[in-house]
Amino acid sequence: MALLVGALKLLLSLLLWLNTLTSHCQGKEKIWENQYPFIKHASSFSSSQSSPSPGVKREINKGYDYIIVGGGTAGCPLAATLSQNFSVLLLERGGAPFGNVNVSFMQNFHISLADTSSASASQAFISTDGVINSRARVLGGGTCINAGFYTRASTSYIREVGWDEKLVNESYPWVEKQIVHKPNFAPWQRAVRDGLLEVGIAPFNGFTYDHVYGTKVGGTIFDRFGRRHTAAELLASANPKKLRVLIHATVQKIVFDTTGKRPKAIGVIFKDEKGMQHKAFLSRKKRSEIILSSGAIGSPQLLLLSGIGPKKDLKKFNIPMVLNNPYVGKGMIDNPLNTIFIPTNGPVEQSLIQTVGITKMGVYIEASSGFGQSSNSIHCHHGILSAEVGQLSTIPPRLRTQEAIEAYRKRKRDLPREVFNGGFILEKVARPLSNGKTILINTNIDDNPSITFNYFSHPLDLQKCVNGIRVVEKIVNSKHFTDFSQCDKRTMDRLLNMSVQANVNLIPKQTNDTKFLEQFCKDTVVTIWHYHGGCHVGKVVGPDYMVLGVQRLRVVDGSVFGDSPGTNPQATVLMMGRYMGVKILRERLGRAAGI
Ligand SMILES: Cc1cc2nc3c(=O)[nH]c(=O)nc-3n(C[C@H](O)[C@H](O)[C@H](O)COP(=O)(O)OP(=O)(O)OC[C@H]3O[C@@H](n4cnc5c(N)ncnc54)[C@H](O)[C@@H]3O)c2cc1C
Ligand SMILES: *[C@@H]1O[C@H](CO)[C@@H](O)[C@H](O)[C@H]1NC(C)=O
Ligand SMILES: *[C@@H]1O[C@H](CO)[C@@H](O)[C@H](O)[C@H]1NC(C)=O
Ligand SMILES: *[C@@H]1O[C@H](CO)[C@@H](O)[C@H](O)[C@H]1NC(C)=O
Ligand SMILES: *[C@@H]1O[C@H](CO)[C@@H](O)[C@H](O)[C@H]1NC(C)=O
Ligand SMILES: *[C@@H]1O[C@H](CO)[C@@H](O)[C@H](O)[C@H]1NC(C)=O
């Protein structure tokens, strides 16, 4: 019986999958428009609907109870939840993720990140450190372009930030039931898991979302067919009567009423896909709010462009000052990532992140493998660590340019296919103390501001990295691992000579020399895209994430984090959207909220 049910379920998933495949070819828009009727293009918004002419009371009441800026990882669950009881306008600058092959399939992870067109779901940026990075520009945000690994924050993290543990424990499963899966455990991940255990990153905690010391297998937003499930799908649990989502709606400015004692946010100005400007306003109700969920770069950028930030920076761009706050954009943090490539005797199956070693020395060890099974090296790639997406780890950060990527692309044709056989061990520095800032370079919201992370400027971060590389060395030399890789000396020598051209770092020769390893850490640093900060609690927002010094404005996303939660943050950012939504409903409605 159970077998039959299982078989039927499989058949059903297969049919659904085929359905989306074909829907991609014909009328893909129709399919998602039926499922998400409240998602519309920004140009469908006529300002009169929400830009009330003064004195027309009926129209004034048409303002929204909540305007959420950014339909990303936090913004989507937040909008879905608030719409249960209030009218919500969600504005997202990117398009819809549904039916976009670059978003939907795990195999296309690196293709999506390499797409630098203005229609791409990802927008590349290079921090002043020289590390090439990426931010989302699509409904669903980071969950549409990320590596999918899903793992919760530790209970100590939850306590530190002061969240209600019970509500946290209810909010994670709300997300998980809808979009999280158990991974198809790939051979490379298994090998790294065994290596981690052999070198003492123990115990083995099995498959779990929880953050506990030792080695574990986490969840993923890719299902067993390798199809991605994103935050945008959480909108399916919205109240369709109260939610309106506009895609290609880029918010340029928050509008304030500055006639009272404290500036009060009353609306936003956004432009649509045709470049036309619109204004959307909050309803007159006392507790209406604008909520920024524009991400760690977008939220500080929008505050600055709206006149909240350091006085002299605003003055420089003639932005009328609403509130002088020197901390906006300060404390930008990105966890450094360093990787080691381990060649194998034969090709390994592609895998993004599935297993993690949570060490007590302040580093997390993860794994990823690319694709080396094509007869043509043009189609081979290194997955998460592909040079094509800017992970140029064999060149020191400041030399990583678009030309360097191009040079690699050309060279790649001549590389033997064998250099793609193998995989990476990733070492992420947890809780880095180095930090930097986001500052404007112009007043165009479409452009990236200037972002600085100052990787390894704090000596403790460097020390963690060095210790981490030493752990990776042990894993590489573990019996389990050498049995798996079976790489003969000839291949190794051949690759050693080509490693720079192939853009892979092998284990450094002098791991006993700390100075040498410190330089290795600095020269090979890349990103795992877990950047956060810019709107810190106590500096820019209060403990409830309300922006300090103004009314009716809140920030809910990774920009309020002082530290990236869990080994990887998306689970907690998604949870936070749901959590804050429920918290706001309960505070406003009490028991009547019905949640
Ligand atoms: C390539 C990559 C791989 C990653 N891999 C993993 C992983 O495997 N596991 C994991 O846990 N985490 C991973 N992360 C990190 C994780 O995805 C992010 O930390 C998280 O998605 C951030 O969520 P957010 O809500 O803060 O921002 P986002 O999800 O980026 O949401 C911000 C949204 O706001 C929109 N926006 C910005 N400005 C405006 C504006 N002015 N007007 C309108 N809309 C605007 C953006 O288009 C975007 O959709 C990865 C991230 C990336 C980029
Ligand atoms: C996917 O990305 C590639 C480039 O990396 C681009 O050429 C293509 O247009 C993208 N497809 C979609 C549907 O966006
Ligand atoms: C929340 O869940 C975690 C495990 O996921 C557990 O350790 C903790 O005790 C729970 N807290 C509450 C208050 O239920
Ligand atoms: C390494 O590469 C260089 C040129 O790139 C070549 O001259 C040299 O012979 C190679 N060495 C080995 C051992 O293959
Ligand atoms: C590191 O080890 C090598 C031999 O394995 C030795 O020659 C070298 O002197 C050592 N370096 C340091 C700094 O200990
Ligand atoms: C809020 O929404 C929930 C779910 O739709 C409903 O059960 C509850 O009655 C609503 N409360 C109010 C005050 O509207």
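Being a predicted model, the structure only gives us computed values, none of them experimental. In listed order, ligands and their atoms are each counted from 1.
- Salt-bridge annotation for Glu289 and Arg554: present, with a side-chain N of the basic residue lying under 4.0 Å from a carboxylate O of the acidic one.
- Using modelled atom types, one finds a donor on one side chain and an acceptor on the other under 3.5 Å when comparing Asn338 with Thr524.
- For ligand 2, one of its N or O atoms has an N or O atom of Ile111 under 3.5 Å away.
- The shortest contact between atom 12 (C) of ligand 3 and any protein heavy atom is with Asn169 ND2, 3.3 Å.
- Distances between N or O atoms of Glu165 and those of ligand 3 include at least one value under 3.5 Å.
- Remark: Arg159 engages Glu165 in a salt bridge, criterion side-chain N to carboxylate O under 4.0 Å.
- Shown here is Tyr327, whose OH atom has no more than 12 heavy atoms of other residues, nucleotides or ligands within 6.0 Å.
- With salt bridges taken as basic N to acidic carboxylate O contacts below 4.0 Å, none links Lys410 and Glu406.
- Other residues, nucleotides and ligands contribute over 12 non-hydrogen atoms within 6.0 Å of the NZ atom of Lys271.
- Protein residues having at least one heavy atom under 4.0 Å from any atom of ligand 1 are Val69, Gly70, Gly72, Thr73, Ala74, Leu91, Glu92, Arg93, Leu113, Ser134, Ala136, Arg137, Val138, Gly141, Gly142, Ile145, Asn146, Ala147, Gly148, Phe149, Ala249, Thr250, Val251, Ser293, Ser294, Gly295, Ile445, Trp529, His530, Asp557, Gly558, Asn568, Pro569, Gln570, Val573, listed by chain and number.
- Side-chain contact annotation: Asp334 with Tyr455, donor-acceptor N/O pair under 3.5 Å present.
- Looking from atom 7 (O) of ligand 3 to the surrounding protein, the closest heavy atom is Thr155 CG2, 3.9 Å.
- Seen from the ring of Phe125, Arg135 does not count as a face-on cation partner, given the 6.0 Å and 45° thresholds.
- Taking a cut-off of under 4.0 Å to the non-hydrogen atoms of Arg152, the atoms of ligand 3 that pass are 5 (O).
- Between the side chains of His382 and Asn503, not a single donor N or O lies within less than 3.5 Å of an accepting N or O.
- Inclusion of Asp210 in the set of residues having an N or O under 3.5 Å from an N or O of ligand 3 is warranted.
- Residue Asn102 has at least one heavy-atom neighbour below 4.0 Å for each of these atoms of ligand 2: 1 (C), 2 (O), 3 (C), 8 (C), 10 (C), 11 (N), 12 (C), 14 (O).
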